[in-house]
Amino acid sequence: MTTATKTSAAVQRLRLRTELRRARVAARLTQKQVAEQMEWSPSKLIRIEAGEVGISVNDLRPLLSTYGIDAPGTVNELLDLARSSRKMPFTEYRDIYSKDVLDFLAMEASASINRTFQPLVMPGLLQTEEYAAATIKTYSPEASASRVERMVEARMLRQEILDDAEAQFFFIVDESVIRRLVGGLGVMRAQLRRLAEYAAQPNVNVLILPFSLGAHVASAGPFTIFEFDEAMPAFVFLENPRASASVSTAPDVAATYLETFWDLEEKVLKDSVPEILLQVADGLATGLADLQPPTAAQP
């Protein structure tokens with residue numbers, strides 16, 4: 001599936017569900033009233049407005065009539081949105097991912113600007129297969145080998161968007177992310193070298209938040225901000241330890257997190273990042289000793 005297809009489907013479904021909800025409210029109809037008039041179950045309309053499912057052209061035409069929308073230009077525009085939003089990205093992984101995660105993946109594939117702050121692990125878009133497998137097994141120890149394999153497969157598929165030269169990516173990672181051994185020395189060394197390669201791409205910005213900064217405004221946890229070329233609000237995703245996410249499109253929330261991200265950008269290491277990463281990778285080759293308590297003084 002091409003990036004263009006992903007972008008069209010995800011963005012168009014979002015636009016369509018927004019317009020349909022707005023039209024129903026303008027018509028002063030409840031979801032129950034609309035469902036009764038359309039002879040649908042209430043859950044069908046709820047799922048359409050939530051973006052969980054698409055809507056066929058045959059269903060959309062009478063729905064627009066119910067809302068009193070009959071201007072040819074408006075009708076044709078909404079029908080086009082319905083046609084282009086039928087196939088969402090990553091739906092083949094709905095057996096392993098929740099709706100929250102699938103929504104996140106759809107927005108990720110559609111965004112023109114991706115800003116991610118990650119203080120815990122390497123961002124998924126930047127992970128090697130081995131690092132991804134190690135983190136998935138840690139967060140989901142009950143997952144079968146086949147499930148882990150499919151989750152790694154999906155994570156690698158996501159990374160195709162990094163090849164889109166028109167999209168911009170900004171990743172701020174805590175220094176602990178590049179120093180914590182995940183999957184062993186070999187896995188971590190390979191991960192840091194891969195990260196150095198990404199950091200050298202013109203559309204990918206890898207920034208490191210140093211230990212020396214101390215406490216900072218984003219200490220509460222990881223977040224991602226998606227911005228779009230089209231007339232759509234920014235999306236803010238707040239990730240929890242189980243890899244699901246809460247989302248907000250409220251302008252004040254997006255503004256707050258953008259300000260937080262920009263504040264962090266003023267304090268990060270941003271020069272010679274590929275060289276820094278390779279230096280850390282080479283340092284890992286000798287191994288790291290665990291912290292030990294001081295030896296008690298002899299009497």
Show your working on side chain to side chain contact (heavy atoms under 4.5 Å, CB included) between Phe226 and Asn114 and close with a plain yes or no.
CA-CA 5 Å; Phe226 296 134; Asn114 177 319; 3.2 Å; yes
Is it the case that more than 12 heavy atoms not belonging to [X] sit under 6.0 Å from its [atom1] atom?
X: Glu149; atom1: CD; result: no
X: Lys137; atom1: NZ; result: no
X: Lys270; atom1: NZ; result: yes
X: Gln201; atom1: CD; result: yes

For a quick check under 3.5 Å, do [X] and [Y] share a side-chain donor-acceptor pair by atom type?
X: Thr74; Y: Asn76; value: no
X: Asn58; Y: Ser56; value: no
X: Gln159; Y: Tyr198; value: yes
X: Glu49; Y: Gln31; value: yes

In the structure I gave you, are the side-chain heavy atoms of [X] and [Y] within less than 4.5 Å of one another anywhere?
X: Ile225; Y: Phe235; value: no
X: Leu264; Y: Leu207; value: no
X: Pro119; Y: Val177; value: no
X: Ile48; Y: Arg17; value: no
X: Gln168; Y: Glu227; value: no
X: Val182; Y: Met122; value: no
X: Asp95; Y: Arg150; value: yes
X: Glu92; Y: Glu153; value: no

From [X] [atom1] over to [Y] [atom2], what is the distance, rounded to the nearest 0.5 angstrom?
X: Phe104; Y: Ser98; atom1: CZ; atom2: OG; result: 11.5 Å
X: Arg194; Y: Leu126; atom1: CZ; atom2: CG; result: 10.0 Å
X: Arg193; Y: Leu195; atom1: CZ; atom2: CG; result: 13.0 Å
X: Leu269; Y: Leu209; atom1: CG; atom2: CG; result: 8.0 Å
X: Ile208; Y: Asp174; atom1: CD1; atom2: CG; result: 10.0 Å
X: Thr260; Y: Glu265; atom1: OG1; atom2: CD; result: 11.5 Å

Restricting to non-hydrogen atoms, name the atom on [X] and the atom on [Y] that form the minimum distance, rounded to 0.1 Å.
X: Arg24; Y: Leu45; result: CD-CD2, 4.3 Å
X: Ala167; Y: Ala111; result: CB-O, 4.3 Å
X: Met156; Y: Ala132; result: CE-CB, 4.2 Å
X: Ala82; Y: Leu60; result: CB-CD2, 3.7 Å
X: Tyr67; Y: Ala27; result: O-CB, 4.1 Å
X: Asp59; Y: Met38; result: O-CE, 3.7 Å

Take Lys44 and Glu39, measure what salt bridge (charged side-chain N to carboxylate O under 4.0 Å, His left out) needs, and give me the verdict at the end.
CA-CA 10 Å; Lys44 178 173 180 176; Glu39 297 184 346; over 6 Å; no
Hydrophobic cluster identity match, [X] and [Y], side-chain contacts under 4.5 Å:
X: Ile113; Y: Tyr257; result: yes
X: Ile178; Y: Leu185; result: yes
X: Ile69; Y: Leu79; result: yes
X: Leu278; Y: Leu181; result: no
X: Val25; Y: Ile55; result: no

Anything under 30° is parallel, anything over 60° is perpendicular, the rest tilted; go ahead and classify Tyr93 against Tyr97.
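Plane angle between 30° and 60°, so tilted.
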So Ile136 and Arg155, side chain to side chain contact (heavy atoms under 4.5 Å, CB included) or not? Walk me through it.
CA-CA 10 Å; Ile136 291 169; Arg155 196 162 294 184; 3.8 Å; yes
Would you please test Arg179 and Phe211 for side chain to side chain contact (heavy atoms under 4.5 Å, CB included) and show each step?
CA-CA 11 Å; Arg179 294 194 180 277; Phe211 287 144; 3.9 Å; yes
Who passes side-chain contact (heavy atoms from CB on, under 4.5 Å) against Gln33, sequence neighbours left out?
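side-chain contact (heavy atoms from CB on, under 4.5 Å) check on Gln33 returns Leu29, Thr30.
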Side chain to side chain contact (heavy atoms under 4.5 Å, CB included) assessment of Ile161 paired with Glu108
CA-CA 9 Å; Ile161 64 174; Glu108 180 181 75; 3.7 Å; yes
Within the side chain of Ser144, is there an N or O that forms a donor-acceptor pair under 3.5 Å with the backbone of Arg147?
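Here the side-chain-to-backbone pair exists.
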Among Phe170, Phe223, Phe261, which one satisfies ring pair (Phe, Tyr, Trp, His ring centres under 6.0 Å) with Phe117?
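The residue from Phe170, Phe223, Phe261 that satisfies ring pair (Phe, Tyr, Trp, His ring centres under 6.0 Å) with Phe117 turns out to be Phe223.
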